[in-house]
Amino acid sequence: MQTKHQLLNLTTIKRLGIGLLALTCLTTIACKSGEKKKDIAAATETKKTPNVVVIYLDDLGYGDVGAYGATEIETPNMDALASGGVRFTNGYATSATCTPSRFGLLTGVYPWRNKNARILPGTAPLLIDTAQFTLPKMFKEHGYHTGIVGKWHLGLGTGNVNWNESIKPGPNEVGFDESYILAATQDRVPTVYIENDKVDGLDPKDPIEVSYSKNFEGEPTGKDNPEMLTMKWEHGHNNSIVNGIPRIGFMKGGDAAKWSDVDMADHFLAKAQAYVKEHKNKPFFLYYALQQPHVPRTPHPRFVGSSGMGPRGDVIVEADWCIGEFMKTLEEEGILENTLVIFSSDNGPVLNDGYYDDAVEKLGDHDPNGPLRGGKYSMFEAGTRVPFITYWKGTITPGVSDAIVCQMDLLSSLAALNGDDQTYGDSQNLLDALLGEVETGRNELMLEAGSKTFLRKDNWVMIPPYKGNFISKSVNIEIGSMPEFQLYNLNEDLEQQKNLAKENPEKLQEMIKEYTKIRGVEPKVPEVSK
């Protein structure tokens with residue numbers, strides 16, 4: 001007997017609804033009927049519990065990948081995942097910004113339920129409650145070893161971190177057996193790696209000090225010392241200088257531990273490869289969170305000029321290479337066919353996000369949004385609809401799926417992979433969709449951008465009225481705030497050019513009712529101040 005996922009073990013038997021007693025009876029009947037023991041053994045032969053890897057990029061747009069229509073940039077390794085797996089056309093992050101999306105990915109909970117789930121400074125306390133059930137905790141319950149390599153940006157400690165001592169709570173306290181991370185983002189201090197709960201390579205004679213409110217006496221800044229810069233800041237990124245790059249926040253000390261920006265991709269890749277080699281003989285879950293193409297974009301010299309689009313294009317090429325090298329490691333270690341790989345991005349794309357790096361000037365005919373409107377920070381589709389691919393060589397049949405799936409659903413879906421039929425938080429069990437066995441996913445999904453929530457239901461999107469600017473001038477992206485309801489039929493208007501709220505009041509009321517049911521608050525037109 002064999003399930004469609006070919007994972008007949010005790011947990012899978014549970015998922016099929018077959019009790020141990022029933023299995024015993026079947027075995028007894030088979031023996032009494034004279035069937036050979038080898039037939040029974042063949043019937044209960046199991047495939048090894050699969051490893052699971054989530055490859056997560058930072059600010060990669062729907063249109064930044066060849067498999068999603070990009071023609072001006074080459075992403076052969078991302079494309080190979082798509083051509084060998086399931087490419088989702090309706091795959092979503094929970095949010096149009098990074099911290100909330102990562103919260104949703106790891107907890108299976110809508111980030112708008114946590115008022116602190118917003119873009120965090122490098123000194124923010126741990127956002128995920130240590131009592132919260134999480135994706136890595138679920139895997140640990142099923143005997144997996146769990147690891148994270150790369151960007152964290154979910155806070156550390158309790159709000160007053162001493163970077164020179166044990167930094168707790170952090171990734172290890174929410175379910176990861178091993179962690180090797182950068183605390184926040186590449187453009188924020190502290191600019192050091194953290195291995196489990198300690199700064200990697202720290203010289204105790206040169207302690208680290210970090211502040212997001214005031215500079216340390218005598219320390220140069222991007223604002224006051226432009227002669228020291230190798231990258232020019234455009235907005236907000238003008239505090240402490242590390243490796244010639246001005247950052248957000250102020251930092252003093254820790255020189256021996258400071259990272260090399262141009263080597264970061266190689267550094268994280270090596271850590272991810274080492275993790276695989278060390279834990280290949282036991283089921284593992286690895287969250288490999290690359291930093292590209294977030295600012296500052298610092299490709300290694302061997303990738304400079306590789307895209308013809310400046311640093312943003314070059315770091316996408318670099319990230320693609322890293323993915324290819326990582327996949328080679330899975331194959332060389334003999335575990336590729338026993339590893340489910342999930343590839344996605346934390347939110348949509350942005351070009352000029354704090355530094356002058358020719359992202360706009362050298363864009364050419366490339367459109368990071370693809371056919372979608374908006375971008376990072378936006379309530380339009382390009383803010384939250386992202387590349388989303390599942391790959392499992394020999395198990396997943398390659399194809400394209402229009403099912404609505406969300407990163408938040410990984411918790412319940414991957415629990416089901418291990419025979420757990422529970423659903424957790426807001427996460428839904430979409431395992432069959434993720435494995436390409438059905439083309440039905442979610443019916444509805446509440447998304448958010450900058451704490452402003454909006455609803456995707458079937459092929460419709462409803463954006464409530466909000467105060468605020470329609471366009472963010474600093475990044476030149478349509479955020480989408482309007483003083484009236486917006487209603488779009490994505491089947492007929494993927495580019496969201498025709499607002500149907502007034503001409504289709506029945507559908508609008510249906511969407512408002514569903515929004516209110518999920519959100520607990522009815523959306524209303526804001527009052528205009530007199």
Quiz item: Quick one: are L445 and Y110 in side-chain contact, heavy atoms under 4.5 Å?
Solution: yes
Quiz prompt | All salt bridge (Lys or Arg N to Asp or Glu O under 4.0 Å) counterparts of E165, not counting sequence neighbours | solution = none
Exercise. Ignoring hydrogens and angles, tell me if any N or O in the side chain of E318 forms a donor-acceptor pair with the backbone of H300 under 3.5 Å.
Key: yes
Quiz item: Would the number of heavy atoms belonging to other residues, nucleotides or ligands and lying under 6.0 Å from CD of E173 be above 12?
Solution: yes
Practice problem: Keeping the roles fixed (side chain from S427, backbone from M408), state whether a donor-acceptor pair exists under 3.5 Å. | Solution: yes
Quiz item: Distance only, no hydrogens: is a donor on one side chain within 3.5 Å (strictly under) of an acceptor on the other, for T97 and N347?
Solution: no
Quiz prompt | Nearest-0.5 Å distance that lies between atom CZ in F388 and atom OH in Y62 | solution = 12.5 Å
Practice problem: Look only at the side chain of H366 and the backbone of A70, and say whether a donor-acceptor pair between them is shorter than 3.5 Å. | Solution: no
Quiz prompt | Close side-chain approach of Q407 to T94, heavy-atom, < 4.5 Å | solution = no
Practice problem: Output every pair passing salt bridge (Lys or Arg N to Asp or Glu O under 4.0 Å) with a member in residues 108-129, not counting sequence neighbours, ordered by first then second residue. | Solution: R113-D426
Quiz prompt | Spacing of F103 atom CZ and T134 atom OG1 [to the nearest 0.5 Å] | solution = 10.5 Å
Practice problem: Could you walk me through whether H142 and T49 pass the side chain to side chain contact (heavy atoms under 4.5 Å, CB included) test, one step at a time? | Solution: CA-CA 10 Å; H142 292 283; T49 304; over 6 Å; no
Exercise. Report yes or no: do E178 and H279 form a side-chain donor-acceptor pair below 3.5 Å?
Key: yes
Quiz prompt | Pair Q273, T329: side-chain N/O donor-acceptor within cut-off below 3.5 Å | solution = yes
Quiz item: Which class fits the ring pair Y275 and F284: parallel under 30°, tilted 30 to 60°, perpendicular over 60°?
Solution: perpendicular
Practice problem: Using distance alone, with no hydrogens and no angle criterion, decide if D353 and H237 have a side-chain donor and acceptor under 3.5 Å apart. | Solution: no
Quiz prompt | Pairwise side chain to side chain donor-acceptor pair (under 3.5 Å) hits with a residue in residues 249-266, at least two apart | solution = Q186-D261, N243-D261, R247-D261, D255-K258, W259-D261, S260-D263, D266-R302
Exercise. Could you tell me which non-hydrogen atom of A449 sits nearest to which non-hydrogen atom of M379, and how far apart they are?
Key: CB-CG, 3.8 Å
Quiz item: Is there a side-chain contact between R188 and L182, using heavy atoms and a 4.5 Å cut-off?
Solution: no
Practice problem: Before giving the answer on side-chain hydrogen bond (donor to acceptor under 3.5 Å, both in side chains), spell out for D200 and Y180 the whole-Å C-alpha distance, their side-chain angles and the decisive distance to 0.1 Å. | Solution: CA-CA 9 Å; D200 187 18; Y180 195 94; 2.5 Å; yes
Quiz item: For S95 and E448, does a side-chain donor sit closer than 3.5 Å to a side-chain acceptor?
Solution: yes
Quiz item: In Å, rounded to the nearest 0.5 Å, how long is the span from CG of L434 to CZ of F88?
Solution: 5.0 Å
Quiz item: What distance do M251 atom CE and F216 atom CZ have between them, rounded to the nearest 0.5 Å?
Solution: 9.5 Å
Quiz prompt | Test item: R102 and Y56 side chains (from C-beta on) under 4.5 Å apart, heavy atoms | solution = yes
Quiz item: Under a 4.5 Å cut-off applied to non-hydrogen side-chain atoms, are I245 and Y355 in contact?
Solution: yes
Quiz item: If only atom types and distance count, is the side chain of S344 paired as donor or acceptor with the main-chain N or O of P387 below 3.5 Å?
Solution: yes
Exercise. Indicate yes or no: at least one non-hydrogen side-chain atom of I181 is less than 4.5 angstrom from one of Y287.
Key: no
Quiz prompt | Parallel, tilted or perpendicular: ring planes of F268 versus Y193, cut at 30 and 60 degrees | solution = perpendicular
Quiz item: Is a donor on one side and an acceptor on the other found under 3.5 Å between the side chain of S412 and the backbone of T423?
Solution: no
Quiz item: Do N418 side-chain atoms and D420 backbone N/O form a donor-acceptor pair below 3.5 Å?
Solution: no
Practice problem: List in chain and number order the residues that pass salt bridge (Lys or Arg N to Asp or Glu O under 4.0 Å) with R385, two or more places apart in sequence or in another chain; answer none if no residue qualifies. | Solution: E381
Practice problem: Please lay out, stage by stage, how L120 and H153 fare under the test side chain to side chain contact (heavy atoms under 4.5 Å, CB included). | Solution: CA-CA 7 Å; L120 296 178; H153 208 186; 4.1 Å; yes
Quiz item: Less than 4.5 Å apart, any side-chain heavy atom of D346 and any of H294?
Solution: no
Quiz item: Using the benzene-type ring in the case of Trp, are the ring centres of Y424 and F133 under 6.0 Å apart?
Solution: yes
Quiz item: Distance-only, no hydrogens or angles: does the Y466 side chain make a donor-acceptor pair with backbone N or O of T453 under 3.5 Å?
Solution: yes
Donor-acceptor contacts, no H, no angles, side chain residues 304-311, under 3.5 Å, sequence neighbours left out:
{"residue": "S306", "atom": "OG", "partner": "F303", "partner atom": "O", "Å": "2.7"}
{"residue": "S307", "atom": "OG", "partner": "M309", "partner atom": "N", "Å": "3.0"}
{"residue": "S307", "atom": "OG", "partner": "D314", "partner atom": "N", "Å": "3.1"}
{"residue": "S307", "atom": "OG", "partner": "D314", "partner atom": "OD1", "Å": "2.7"}

Self-check item: Pair F176-V149, side chain to side chain contact (heavy atoms under 4.5 Å, CB included): steps then yes or no
Solution: CA-CA 10 Å; F176 288 104; V149 171; over 6 Å; no
Quiz prompt | Whether D58 side chain and Q292 backbone form a donor-acceptor pair below 3.5 Å | solution = no
Quiz item: Among all residues two or more places apart in sequence or in another chain, which pass the side-chain contact (heavy atoms from CB on, under 4.5 Å) test with N215?
Solution: E219, T221, S240, F250
Quiz item: Can you tell me how far CG of N225 sits from CD1 of I241, rounded to the nearest 0.5 angstrom?
Solution: 5.0 Å
Quiz prompt | Closest contact, heavy atoms only, C322 versus Y288 | solution = CB-OH, 3.9 Å
Quiz item: Would you say K168 has more than 12 foreign heavy atoms packed within less than 6.0 Å of its NZ?
Solution: no
Exercise. Supply the atom-to-atom distance I119 CD1 to S101 OG, rounded to the nearest 0.5 angstrom.
Key: 10.0 Å
Quiz item: Can you check whether K467's main-chain N or O pairs, donor with acceptor, with K452's side chain at less than 3.5 Å?
Solution: yes
Exercise. State whether the side chain of D320 and the backbone N or O of N77 hold a donor-acceptor pair below 3.5 Å, judged by distance alone.
Key: yes
Quiz prompt | Smallest separation among heavy atoms of N90 and R456, with atom names | solution = OD1-NH1, 3.0 Å
Quiz prompt | Over all atoms of both residues, closest heavy-atom pair of G374 and N369 | solution = O-ND2, 2.8 Å
Quiz item: side-chain hydrogen bond (donor to acceptor under 3.5 Å, both in side chains) with R312: which of D64, D59, N352?
Solution: D64
Quiz item: How close do L106 and P136 get, heavy atom to heavy atom, and via which atoms?
Solution: CD2-CD, 4.3 Å
Quiz item: G375 and I477: which non-hydrogen atoms are nearest, and at how many Å?
Solution: N-CG2, 3.9 Å
Quiz item: Is there a side-chain contact between V341 and L330 (heavy atoms, below 4.5 Å)?
Solution: yes
